[in-house]
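What follows is a set of notes on a single structure, which appears directly below.
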Protein chains: 2
Amino acid sequence: MARLNLPKKARQRELMERLKADPFLTDEELSDIFHVSIQTIRLDRLELGIPELRERIKNVAEGNYEKIRAIGGQEIVGELIEIELGKSGISILTPTEDMVFEKTKIVRGHYIYAQAESLAIAVIDAKVALIGVANIKYKTPIYLTDKLVAKAEVVRQRGNKYFVWVKTKVNHQEAFRGKFILVSMDDEQ
Amino acid sequence: MARLNLPKKARQRELMERLKADPFLTDEELSDIFHVSIQTIRLDRLELGIPELRERIKNVAEGNYEKIRAIGGQEIVGELIEIELGKSGISILTPTEDMVFEKTKIVRGHYIYAQAESLAIAVIDAKVALIGVANIKYKTPIYLTDKLVAKAEVVRQRGNKYFVWVKTKVNHQEAFRGKFILVSMDDEQ
DNA sequence: CTACCATTAGTATCAGGTATTAATATTAGA
DNA sequence: TCTAATATTAATACCTGATACTAATGGTAG
């Protein structure tokens, strides 16, 4: 791991990458890695406009706080604005930067899917539900600036099986539709 | 916002909730909220076993770091372990706590879907691809302890349309299959 | 009236910095 | 070769948001 004699420019490039990969590195650790003094690391950070450790951590924490809400541990992706248990429901999802492909700004499919799936689950009046089969069609691309309005409707129920249709509209145009078969798990298993 | 005279127990309950809702509150801000000294807040935190601000922020940051990697801005969900561009690919996903339903420990559908979708996209030898239609079957529930092995195969190509089958196995048993139609966006649009 | 607890005050110490000034290397150019 | 510019290191004062500890005060219940 000998990393002596790196010229300034190369060191700064490396520094950027290291911190991108691991924002939790202190100046001291960095000075060890590059075999320069802490002061040099701080000059480098100053020149590159990289904030101090605590700021970096805070940024990661704050930045991720929202995202996690969107698709993480939450049971619902999108905002549930209307629900009639066992019958229907509506949810709205406003895409954020991290949901789209960088180059095209098209919303990645699994966010659209996640909104629909979680709405389908929310609509079912049962403690736990699970997707059996989903039949999906994406009709048009959805962009960062669009707003996804998903409507779910329970079309049939047979025993612990529920058939739910979810249609997602963008600008009043249908952009996605999916048929979900949900299985209530209250009794079995 | 007068909040004087709260007895100790009530204050500590409130304190817990406040910090749960907003882990970014300093002791000073809390001492303002409850109209007690900073020392009292610190005694409370000590008794309740709540770590200091910086630790809390770090926890939020670290906790979410992994999750974001899993389904956030990354282009690939799961670990790509083999790929033959334009033909086939294999990816492995090890579920984490935040991917499952709390009560049943069953992996939420959209993670399974996301792994399959992103693998399908990765396999296509084109700069940008987009899902047209996905036909999906979930065969058995997948649990937190399972490991998802997804295999993608390009079965047909017609113009800028690619037909990709993705089969996900758990313990050598097929648990999910999906048919994706991808559209290369290099020329059109 | 006293024993106990909740609360507050004060001080020393810490990590991981900022900001500034100054002293040395090192290297490139004339 | 000497000089000027650039890079690096050192030293110091200060900041925030704490920990850890000791000690003083205030109320209240028995």
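Proteins get letters first, then strands, A, B, ... in listed order; numbering begins at 1 in each.
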With a cut-off of less than 4.0 Å, is there a side-chain N or O of [X] near OP1 or OP2 of [N]?
X	N	answer
Thr40(B)	dT8(C)	yes
Arg11(A)	dT8(D)	yes
Arg45(A)	dT18(C)	yes
Ser37(A)	dT9(D)	yes

On DNA chain C, does the nearest nucleotide to Leu46(A) precede the nearest nucleotide to Glu47(B) from the 5' side, or the other way round? Give the residue.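 Taking each residue's closest nucleotide, the earlier one in sequence belongs to Glu47(B).
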Lys8(B) or Asp27(A), whichever maps to the more 5' nucleotide of DNA chain C: Lys8(B)
Pro51(B) or Arg54(B): which one's nearest nucleotide on DNA chain D is closer to the 5' end?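 So the residue in question is Arg54(B).
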When the distance from [atom1] of [X] to [atom2] of [N] is rounded to whole Å, what number comes out?
X	N	atom1	atom2	answer
Lys9(B)	dT7(C)	NZ	P	12 Å
Leu19(B)	dG17(D)	CG	P	15 Å
Leu15(B)	dT7(C)	CG	P	12 Å
Gln12(A)	dA7(D)	CD	C1'	11 Å
Phe24(B)	dG17(D)	CZ	P	14 Å
Leu30(A)	dT9(D)	CG	C1'	17 Å
Leu43(A)	dA23(C)	CG	C1'	14 Å
Glu55(A)	dT16(D)	CD	C1'	11 Å

Using a heavy-atom cut-off of under 4.0 Å over every strand shown, decide if Ile38(B) touches base, sugar-phosphate, or nothing. nothing
Over all strands shown, is Gln39(B) touching base, sugar-phosphate only, or nothing at heavy-atom distances under 4.0 angstrom?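 The residue Gln39(B) makes base contact.
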Using a 4.5 Å cut-off on heavy atoms from C-beta on, say whether the side chain of [Y] contacts that of [X].
X	Y	value
Thr168(A)	Arg177(A)	no
Lys179(A)	Val133(A)	no
Gln115(A)	His110(B)	no

Closest approach to the side chain of Val36(A), judged atom by atom: which nucleotide of dG16(C), dA18(D), dT9(D) is it?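 Among the listed nucleotides, the one closest to the side chain of Val36(A) is dT9(D).
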Qualifying residue, where the test is side chain to side chain contact (heavy atoms under 4.5 Å, CB included) with Tyr162(B) and the options are Val123(B), Ile181(B), Ile121(B), Ile124(B):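 The passing option is Ile124(B).
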Give me the ring orientation class for Phe180(B) and Tyr113(B): parallel if the planes are under 30° apart, tilted from 30 to 60°, perpendicular past 60°. tilted
